[in-house]
Amino acid sequence: MSVPTIPFAPGVDARFSPPPGWAVPAGFDPRRGHLPDPAWPAAPDGWQFWAAPPAPGRAAGFVASVGPVRLALGGILAVVAVVLVLGQVRGDGVATDGVGSCWSAGTTDVRAVGCDDSDAAYRVTSVVDSAVSCTGPAGYLENGARFLCLEAVG
């Protein structure tokens, strides 16, 4: 038996298209030195061994229309926004009033403080609609129609 011959690829983007009856393994590409098995049948007359690359999908079209630089800048801005939001929600040195925020324990007033502030005495563990839901020993703060369940810091 002779080894079937495969013509050269018309370009680097061309995709190999095996003829019927060829049990090519995954990743088979004659450009990488893979050779047809001599046991494989001959290709039908006029068989096109190489197909044009697939047309760019919607994502590739989007990248082309927006431009890779604008897309990268948008991604960076999105990451920065997420980091800023998470920093506020977790209370990383930023005074907020949500879960993860910290509060002082003054004698005349209670105020939101950064969790790394020396005045931080309580951290919010949850925000609920009823004070009954706050079961921890540190109690709760009433904040309008919401209740901030607390835990002691430190």
Side-chain angles (χ1 to χ4, degrees), residues 6 8-37 40 47-154:
I6 300 172
F8 286 107
V12 294
D13 292 339
R15 184 177 45 85
F16 179 69
S17 176
W22 285 28
V24 297
F28 182 90
D29 188 336
R31 291 174 290 203
R32 295 190 196 137
H34 299 139
L35 298 174
D37 187 326
W40 291 344
W47 182 260
Q48 297 296 313
F49 284 90
W50 300 99
R58 295 181 83 190
F62 174 75
V63 171
S65 67
V66 172
V69 172
R70 285 186 185 159
L71 190 61
L73 288 175
I76 291 168
L77 289 175
V79 168
V80 168
V82 167
V83 168
L84 290 175
V85 167
L86 287 177
Q88 289 183 348
V89 169
R90 292 185 182 148
D92 298 336
V94 178
T96 65
D97 66 350
V99 173
S101 63
C102 292
W103 295 79
S104 69
T107 55
T108 58
D109 70 328
V110 176
R111 60 185 170 76
V113 296
C115 290
D116 56 354
D117 190 305
S118 61
D119 290 338
Y122 301 102
R123 178 176 289 117
V124 176
T125 58
S126 60
V127 179
V128 295
D129 295 326
S130 168
V132 176
S133 299
C134 298
T135 58
Y140 63 88
L141 289 175
E142 189 172 346
N143 188 2
R146 305 179 314 165
F147 295 86
L148 309 177
C149 301
L150 302 174
E151 70 179 0
V153 173

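Only this structure's heavy atoms are used, side chains among them; waters, hydrogens and symmetry mates stay out.
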Criterion side chain to side chain contact (heavy atoms under 4.5 Å, CB included) on Cys149 and Val124, from CA distance to verdict:
CA-CA 6 Å; Cys149 301; Val124 176; 5.9 Å; no
Contacts of type side-chain contact (heavy atoms from CB on, under 4.5 Å), residue Ala120, not counting sequence neighbours
Cys102, Val113
Which residues share a ring-ring contact (aromatic ring centres under 6.0 Å, His included) with Tyr122, sequence neighbours left out
none
Qualifying residues under side-chain contact (heavy atoms from CB on, under 4.5 Å), relative to Ser17, sequence neighbours excluded
Trp47
Side chain to side chain contact (heavy atoms under 4.5 Å, CB included) between Leu150 and Thr125: does it pass, once the steps are laid out?
CA-CA 6 Å; Leu150 302 174; Thr125 58; over 6 Å; no
Looking at CD of Glu151 and OG of Ser126, how far apart are the two atoms once the value is rounded to the nearest 0.5 Å?
10.0 Å
Output all residues satisfying side-chain contact (heavy atoms from CB on, under 4.5 Å) with Ser130, sequence neighbours left out; order by chain, then residue number.
Val132, Ser133
Not counting sequence neighbours, list each pair that qualifies as a ring-ring contact (aromatic ring centres under 6.0 Å, His included) and has a residue in residues 123-154.
Tyr140-Phe147
How many angstroms lie between atom CG of Leu148 and atom OG of Ser101, to the nearest 0.5 angstrom?
6.5 Å
Side-chain donor-acceptor pairs of residues 20-33 under 3.5 Å, sequence neighbours excluded:
unit_1, atom_1, unit_2, atom_2, d
Trp22, NE1, Pro41, O, 2.7
Asp29, OD1, Arg31, N, 2.9
Asp29, OD1, Arg31, NE, 3.1
Asp29, OD2, Arg31, NE, 3.4
Asp29, OD2, Arg31, NH2, 3.0
Arg31, NH1, Gly11, O, 3.3
Arg31, NH1, Val12, O, 3.3
Arg31, NH1, Ala14, O, 3.0
Arg31, NH2, Ala14, O, 2.8
Arg32, NH1, Gly27, O, 3.4

Any side-chain heavy-atom pair from Pro36 and Ile6 closer than 4.5 angstrom?
yes
Check whether any side-chain heavy atom of Arg123 sits under 4.5 Å from a side-chain heavy atom of Cys115, and report yes or no.
yes
Residue set satisfying side-chain hydrogen bond (donor to acceptor under 3.5 Å, both in side chains) with Asp119, at least two apart, ordered chain then number -> Arg111
For Gln48, the side-chain contact (heavy atoms from CB on, under 4.5 Å) test, sequence neighbours excluded, returns none
